[in-house]
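Comments concern the structure below.
Below, each value reflects all heavy atoms present in this structure, side chains not excepted, and no hydrogens, waters or symmetry copies.
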Amino acid sequence: MADHDRRPESLMDKIVEKIHDHHDSSSSSSDSDSDDKLNPFGSAKAKIYRLFGREKPVHKVLGGGKVADVFLWRNKKISASVLGVATALWVFFELLEYHLVTLVCHILILSLAFLFLWSNVSTFINKSPPHIPQAGIPENLVLEVVSAVRIELNNALAVLRDIASGRDLKSFLIAIAGLWFLSIVGNWCNFLTLFYIVFVLLLTIPVLYEKYDDQIDSFAEKAVVEIKKQYAVFDAKVLSKIPKGSLKEKKKD
């Protein structure tokens with residue numbers, strides 16, 4: 001009798017467990033379906049905010065050529081050499097108050113005198129004369145630099161033209177603030193020092209941004225949101241109260 005009572009109970013337990021398992025699986029699948037319906041893009045990767053709306057890597061944004069390699073320190077020897085030459089020129093012209101023509105002439109005098117003496121002395125000491133290579137600036141490098149500068153200048157001129165046309169008040173205010181800031185910086189230092197500072201920033205900021213782009217983009221997104229809020233407040237309190245169309249009405253009269 002005891003064995004007969006245990007069999008139905010075990011059978012009933014199995015049936016109940018199957019019912020519970022089926023209910024749990026159906027509920028979990030329904031929950032997942034409902035989550036997919038509520039968020040159809042949940043499985044897709046959320047779009048990441050990028051500074052200045054860039055969609056390409058930093059290397060491609062800078063042109064993707066040898067100039068970009070220098071700015072991003074792809075070849076550390078070349079980048080360090082460029083930075084060293086720029087620093088030496090700034091020290092000579094700014095700190096030592098050398099002039100460009102004087103510096104070039106002194107370098108040529110020393111170089112020519114050393115090579116001339118070496119070439120003549122080598123015949124008396126039975127040594128080979130110095131090998132003077134044919135130096136030249138690569139055409140591709142010059143074309144890449146000129147092309148990059150031309151593109152940036154054309155973009156800047158196009159932006160200035162749009163601002164001058166009076167279409168975007170926000171861009172106008174940003175341009176005025178930027179020029180005012182440059183005028184203040186110009187009072188602190190001369191053009192050579194400003195050019196050197198910009199050059200050093202070009203050799204440091206892109207490589208740092210490429211290394212920490214996620215953190216910088218996240219901070220920039222928060223900053224852009226805050227700037228938009230402050231601009232909205234400024235627009236509501238100041239810009240919206242500026243009368244518009246008065247000049248057009250006077251012209252019609």
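Listed by chain and residue number, nothing satisfies the ring-ring contact (aromatic ring centres under 6.0 Å, His included) test with Phe199 (two or more places apart in sequence, or in another chain). Contacts of Glu94 classified as side chain to side chain donor-acceptor pair (under 3.5 Å), with partners at least two apart in sequence or in another chain: Asn190. Glu144 pairs by the side chain to side chain donor-acceptor pair (under 3.5 Å) definition with nothing, not counting sequence neighbours. Every residue two or more places apart in sequence or in another chain was checked for a side chain to side chain donor-acceptor pair (under 3.5 Å) with Gln215, and none qualifies. The side chain to side chain contact (heavy atoms under 4.5 Å, CB included) test applied to Glu97 returns no partner, not counting sequence neighbours. The side chain to side chain donor-acceptor pair (under 3.5 Å) search around Ser147 returns none, not counting sequence neighbours.
Residues in residues 145-184 take part in no ring pair (Phe, Tyr, Trp, His ring centres under 6.0 Å) pair, two or more places apart or across chains. Sorted by first and then second residue, the pairs that involve residues 73-95 and meet ring pair (Phe, Tyr, Trp, His ring centres under 6.0 Å), not counting sequence neighbours, are Trp90-Tyr196, Phe92-Tyr98. Applying the salt bridge (Lys or Arg N to Asp or Glu O under 4.0 Å) test to every pair with at least one member in residues 172-182, sequence neighbours left out, gives no pairs at all.
The side-chain heavy atoms of Leu194 and Val185, taken from C-beta on, include a pair separated by under 4.5 Å. The shortest side-chain heavy-atom distance between Leu157 and Arg161 does not fall under the 4.5 Å cut-off. Leu83 places none of its side-chain heavy atoms less than 4.5 Å from the side chain of Ser79. At least one side-chain heavy atom of Val233 sits under 4.5 Å from a side-chain heavy atom of Lys237. Counting only heavy atoms from C-beta outward, the side chains of Leu100 and Leu89 never approach each other to under 4.5 Å.
Leu112 is not connected to Val121 by any chain of hydrophobic side-chain contacts under 4.5 Å among Ile, Leu, Val, Met, Phe, Trp and Tyr, and they are in different clusters. Both Leu141 and Leu72 are members of a single hydrophobic cluster when ILVMFWY side chains are connected at heavy-atom separations under 4.5 Å. Hydrophobic clustering of Ile, Leu, Val, Met, Phe, Trp and Tyr side chains at less than 4.5 Å, counting indirect connections, keeps Phe234 apart from Ile174. Taken together through direct or relayed side-chain contacts under 4.5 Å among Ile, Leu, Val, Met, Phe, Trp and Tyr, Leu95 and Val85 form part of one hydrophobic cluster. A single hydrophobic cluster is seen to contain both Val82 and Leu202, as judged by linkage of ILVMFWY side chains at heavy-atom distances under 4.5 Å, directly or through other members.
For the pair Thr193 (side chain) and Cys189 (backbone), a donor-acceptor distance under 3.5 Å is absent. Side chain of Ser119 to main chain of Leu115: a donor-acceptor pair is present (N/O by atom type, distance under 3.5 Å, no hydrogens or angles). Here the side chain of Ser171 pairs no donor or acceptor atom with the backbone of Ile163 at under 3.5 angstrom.
Closest of all the heavy-atom pairs between Leu203 and Val70 is CD2-O, 3.6 Å.
Remark: Tyr231 OH is packed, more than 12 non-hydrogen atoms of other residues, nucleotides or ligands lying under 6.0 Å away.
Rounded to the nearest 0.5 angstrom, Glu210 CD and Arg74 CZ are separated by 4.5 Å. To the nearest 0.5 Å, atom CG of residue Leu208 and atom CG of residue Asp213 are 11.5 Å apart. Here the NZ-CG distance, from Lys66 to Asp69, works out to 9.0 Å after rounding to the nearest 0.5 Å. If you take OG1 on Thr204 and CZ on Phe71, they are separated by 10.5 Å, rounding to the nearest 0.5 Å.
Membership of the apolar cluster around Ile197 extends to Leu201, Ile205, as traced through chained side-chain contacts below 4.5 Å between ILVMFWY residues. Hydrophobic cluster of Leu110: no remaining members, since no ILVMFWY side chain lies below 4.5 Å from it. Here Val146 is tied into one hydrophobic group with Ile137, Val142, each link being a pair of ILVMFWY side chains closer than 4.5 Å.
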